[in-house]
There are 4 protein chains.
Amino acid sequence: MSRKQAYSRSELLDVTKRLVLEHGYDGFNLKLLSQHLPGARSTIYQYYANKDEIISACMKRAIQSIMEKASALDESDASTALQELLAIYMEEFKFHQLLGDSYKIKTNGSEETRANVEYVENAHEFLKVQLTRLVQKAQQEKLLRDDIPLPVHVGVFFNLISTPNMMNVPVSQWSKLLFDMWMGGAKK
Amino acid sequence: MSRKQAYSRSELLDVTKRLVLEHGYDGFNLKLLSQHLPGARSTIYQYYANKDEIISACMKRAIQSIMEKASALDESDASTALQELLAIYMEEFKFHQLLGDSYKIKTNGSEETRANVEYVENAHEFLKVQLTRLVQKAQQEKLLRDDIPLPVHVGVFFNLISTPNMMNVPVSQWSKLLFDMWMGGAKK
Amino acid sequence: MSRKQAYSRSELLDVTKRLVLEHGYDGFNLKLLSQHLPGARSTIYQYYANKDEIISACMKRAIQSIMEKASALDESDASTALQELLAIYMEEFKFHQLLGDSYKIKTNGSEETRANVEYVENAHEFLKVQLTRLVQKAQQEKLLRDDIPLPVHVGVFFNLISTPNMMNVPVSQWSKLLFDMWMGGAKK
Amino acid sequence: MSRKQAYSRSELLDVTKRLVLEHGYDGFNLKLLSQHLPGARSTIYQYYANKDEIISACMKRAIQSIMEKASALDESDASTALQELLAIYMEEFKFHQLLGDSYKIKTNGSEETRANVEYVENAHEFLKVQLTRLVQKAQQEKLLRDDIPLPVHVGVFFNLISTPNMMNVPVSQWSKLLFDMWMGGAKK
DNA sequence: GATGAATGAGTCTTCATTCAT
DNA sequence: TATGAATGAAGACTCATTCAT
């Protein structure tokens with residue numbers, strides 16, 4: 001009955017993700033976005049009500065995909081679970097820098113946006129709790145040094161995900177390698 | 001006989017640094033800057049020709065301070081040198097996120113800006129080379145695992161600096177702790 | 001064999017009238033209109049060629065209904081006729097504010113619109129002439145003070161119609177009351 | 001020390017008043033305003049933060065001028081006071097249509113705007129109360145018919161102000177004439 | 001030197017209208 | 001005929017930068 005869309009909401013978010021990662025929250029704008037999509041700038045408003053709704057939807061989708069995998073994780077073995085978690089995070093690792101900009105999103109006016117931001121924040125919290133739980137379990141099982149405070153273990157582990165994969169090793173191998181170095185250290 | 005300036009170039013850069021770190025390259029603007037300085041917005045142009053010149057000068061100063069310390073480093077003992085280097089980086093660690101935005105700086109028009117950006121890039125290169133040299137030396141001295149490629153060692157080491165210091169330990173201790181974990185690993 | 005329309009042109013104008021009165025010429029828009037009608041926004045173009053055609057049709061219909069009653073008026077007794085005229089005007093009184101916006105209607109392009117606006121203007125003129133005639137007649141019959149110029153009598157009478165009916169008296173009573181006050185004054 | 005302004009805030013409001021009266025709240029826009037002022041459109045933002053702040057300031061100024069005169073009114077003689085009040089209202093009578101649009105003003109975001117709107121609403125209330133008080137006093141002094149409810153007397157009186165002054169009589173005369181007709185009626 | 005005023009380029013967003021199915 | 005998609009023109013607002021005093 002009506003014309004068919006030139007691109008889907010999902011494709012729009014794909015492009016958004018790339019551009020937001022490249023330019024940051026403030027550097028991203030709709031002119032830029034429209035230049036990477038077919039059609040006019042105003043067409044974007046057929047998909048999302050405004051810029052903040054786009055970015056929040058983008059963030060939500062990214063963290064949602066992490067959440068789904070993280071929720072399905074078998075936590076019975078702490079060590080294995082941590083290694084798998086690292087791999088999960090890494091798939092979307094770049095997005096972590098962005099999630100830090102979520103406070104810039106203006107939620108006033110759009111219920112949709114507010115809900116997205118809330119989801120992101122809750123997911124963030126969930127992941128933090130889960131990670132802490134696993135690290136703690138590992139520490140209790142005497143797998144990890146206990147002269148290091150739990151938050152430091154968590155911080156160091158979490159920080160691994162942003163290690164640049166300069167050799168372009170596949171994610172699964174790369175995460176294994178980093179996990180291995182985290183546990184065993186760089187020392188011979 | 002000129003009127004005395006209300007603040008110095010250096011103070012201007014101090015404020016700039018804080019604000020750029022807080023808001024990012026695109027989020028930073030001159031209105032914001034002037035609100036954190038005495039006097040009018042237009043007065044800023046008495047100090048620097050334009051926004052990009054300010055940011056580039058700010059970046060230059062930050063990396064310059066790292067450079068000076070890094071150049072003075074005693075490299076005779078690789079292990080000690082690396083640990084000290086980590087401490088040096090950490091003093092300015094937040095600035096690393098920013099240096100990544102240096103490509104956004106528009107150098108056309110201002111020779112000054114161009115020179116600043118070039119300095120930053122050269123310094124970057126120097127630091128990378130120095131770090132690689134030290135890690136390689138350590139590896140050759142059998143201090144580091146040799147099943148791990150050199151760039152990976154370098155990447156993991158370098159990535160340490162952005163580990164959030166959640167316990168607010170003094171930098172010297174914090175860098176020691178991280179160095180220790182990097183070498184020995186998290187494992188018990 | 002065409003699909004049956006979900007609503008009639010007349011229903012569309014009913015809604016338009018309400019919304020234009022509520023939001024004014026510039027505040028009225030097709031998105032708003034479509035939200036108060038079944039179906040999609042673009043469907044409106046099946047009924048009228050554009051926004052100005054809708055508003056002009058709406059104005060025309062309103063003044064037409066006044067015209068029909070005013071034309072049928074028995075003018076033999078000036079006083080009675082004036083009172084009835086007041087009642088007629090009041091039925092559509094709110095529309096007077098709108099008719100004042102008729103100059104905003106862009107008639108270029110649509111013959112239909114041009115014709116509507118012309119009709120409205122002619123009707124306006126007709127009503128003005130009729131009213132003046134009746135007031136003049138009343139004045140000649142010594143019903144009205146003759147120290148007051150005719151246009152002033154007309155203006156004051158006409159202005160009555162916008163007196164807010166705060167008590168929500170039925171129009172017939174309300175018009176009688178105002179007519180009574182107009183003639184006899186507020187004085188005891 | 002700095003360039004001098006091409007026009008004053010007050011001049012800006014003068015032009016605004018004229019244009020808002022001519023085009024209504026929604027029809028008024030900053031492009032239009034800038035076309036009736038020297039300089040660029042963006043210069044207007046040096047004077048007021050946004051469109052709503054301009055309109056609210058304009059409304060406030062108009063009602064403020066009424067308020068000042070109305071407050072200074074000698075209310076000892078109800079009849080005289082009412083006549084003078086009518087003259088006061090008439091000076092700014094056109095603005096009454098506009099004050100009705102004050103609900104369209106978006107006050108979120110600007111404290112200034114909110115304060116202006118509040119002032120306008122309070123003033124509105126004050127004037128309504130004052131007028132009602134005077135009419136009531138006149139009624140109690142047996143100057144006005146007591147078969148007419150007070151709100152109707154008030155409504156009819158207030159409605160007088162919008163009677164078009166077609167003969168362009170000076171306001172003082174015009175208000176006397178209307179007051180006279182209101183009291184004594186149109187009847188011979 | 002310092003500064004408030006001025007400005008034009010650029011972004012966000014809305015809306016009447018057209019298009020393709 | 002009905003409709004969702006597409007669009008360009010327009011208007012609100014911001015901001016780096018220049019100007020005049």
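Atoms considered below: every heavy atom in the structure, side chains included; atoms not considered: hydrogens, waters and symmetry mates. So that the names make sense, note that chain A is the first sequence line, chain B the second, and so on, each numbered from 1.
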Specify the separation, in whole Å, of atom [atom1] of [X] and atom [atom2] of [N].
{"X": "Glu53(A)", "N": "dC12(E)", "atom1": "CD", "atom2": "C1'", "value": "14 Å"}
{"X": "Arg3(D)", "N": "dT17(F)", "atom1": "CZ", "atom2": "P", "value": "17 Å"}
{"X": "Arg41(C)", "N": "dT17(E)", "atom1": "CZ", "atom2": "P", "value": "11 Å"}
{"X": "Asn108(B)", "N": "dT17(F)", "atom1": "CG", "atom2": "P", "value": "11 Å"}
{"X": "Leu33(D)", "N": "dA12(F)", "atom1": "CG", "atom2": "C1'", "value": "13 Å"}
{"X": "Lys31(B)", "N": "dA16(F)", "atom1": "NZ", "atom2": "P", "value": "10 Å"}
{"X": "Lys51(C)", "N": "dC15(E)", "atom1": "NZ", "atom2": "C1'", "value": "8 Å"}
{"X": "Leu30(D)", "N": "dT14(E)", "atom1": "CG", "atom2": "C1'", "value": "15 Å"}

Re dT3(F): Watson-Crick or G-U wobble partner, both distances kept under 3.5 Å, found to be dA20(E)

For dG8(F), the nucleotide meeting Watson-Crick or G-U wobble distances (both under 3.5 Å) is dC15(E)

Select base, sugar-phosphate, or nothing to describe what Gln46(C) touches, counting heavy atoms under 4.0 Å on all strands. base

Base, sugar-phosphate, or nothing for Tyr47(A), non-hydrogen atoms under 4.0 angstrom?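 Here Tyr47(A) touches the backbone only, sparing every base.
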
Could you pull out the closest heavy-atom pair between Leu33(B) and Leu19(B), with the gap in Å?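 Minimum heavy-atom contact is CA-CD1, 3.8 Å.
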
Minimum heavy-atom separation for Thr113(D) and Lys106(D), please, with both atom names.
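Residues Thr113(D) and Lys106(D), closest heavy atoms: CG2-O, 4.0 Å.
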
Comparing Pro38(D) with Asn50(C), nearest DNA chain E nucleotide closer to 5' gives the residue Pro38(D)

By nearest-heavy-atom nucleotide on DNA chain E, the more 5' of Ser42(C) and Phe28(A) is Phe28(A)

Can you check whether [X] reaches [Y] side chain to side chain, under 4.5 Å on heavy atoms?
{"X": "Thr43(B)", "Y": "Tyr7(B)", "value": "yes"}
{"X": "Thr107(C)", "Y": "Glu118(C)", "value": "no"}
{"X": "Phe28(D)", "Y": "Thr16(D)", "value": "yes"}
{"X": "His124(D)", "Y": "Ile63(D)", "value": "yes"}

The side-chain hydrogen bond (donor to acceptor under 3.5 Å, both in side chains) partner of Glu92(B) among Arg61(B), Lys17(B), Gln64(B) is Lys17(B)

Where each residue is assigned the nucleotide of DNA chain F containing its nearest heavy atom, which of Ala49(B) and Lys4(A) is assigned the position nearer the 5′ end?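 Comparing both residues, the 5'-ward one is Lys4(A).
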
Using heavy-atom distances to pick each residue's nearest nucleotide on DNA chain F, tell me which of Gly39(A) and Tyr45(D) is more 5'.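 It is Gly39(A), whose closest nucleotide lies nearer the 5' terminus.
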
Numerically ordered, the residues 7-26 of chain A set in heavy-atom contact under 4.0 Å with DNA chain F is none

Considering only heavy side-chain atoms of Ala40(D), the closest of dA12(F), dC12(E), dT7(E) is dT7(E)

Please tell me if [X] has a side-chain N or O lying less than 4.0 Å from either OP1 or OP2 of [N].
{"X": "Ser2(A)", "N": "dA5(F)", "answer": "no"}
{"X": "Asn29(C)", "N": "dC15(E)", "answer": "yes"}
{"X": "Thr43(D)", "N": "dT7(E)", "answer": "yes"}

query: Are more than 12 heavy atoms from other residues, nucleotides or ligands located less than 6.0 Å from atom NZ of Lys104(A)?
result: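 Counting other residues, nucleotides and ligands, NZ of Lys104(A) exceeds 12 neighbours.
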
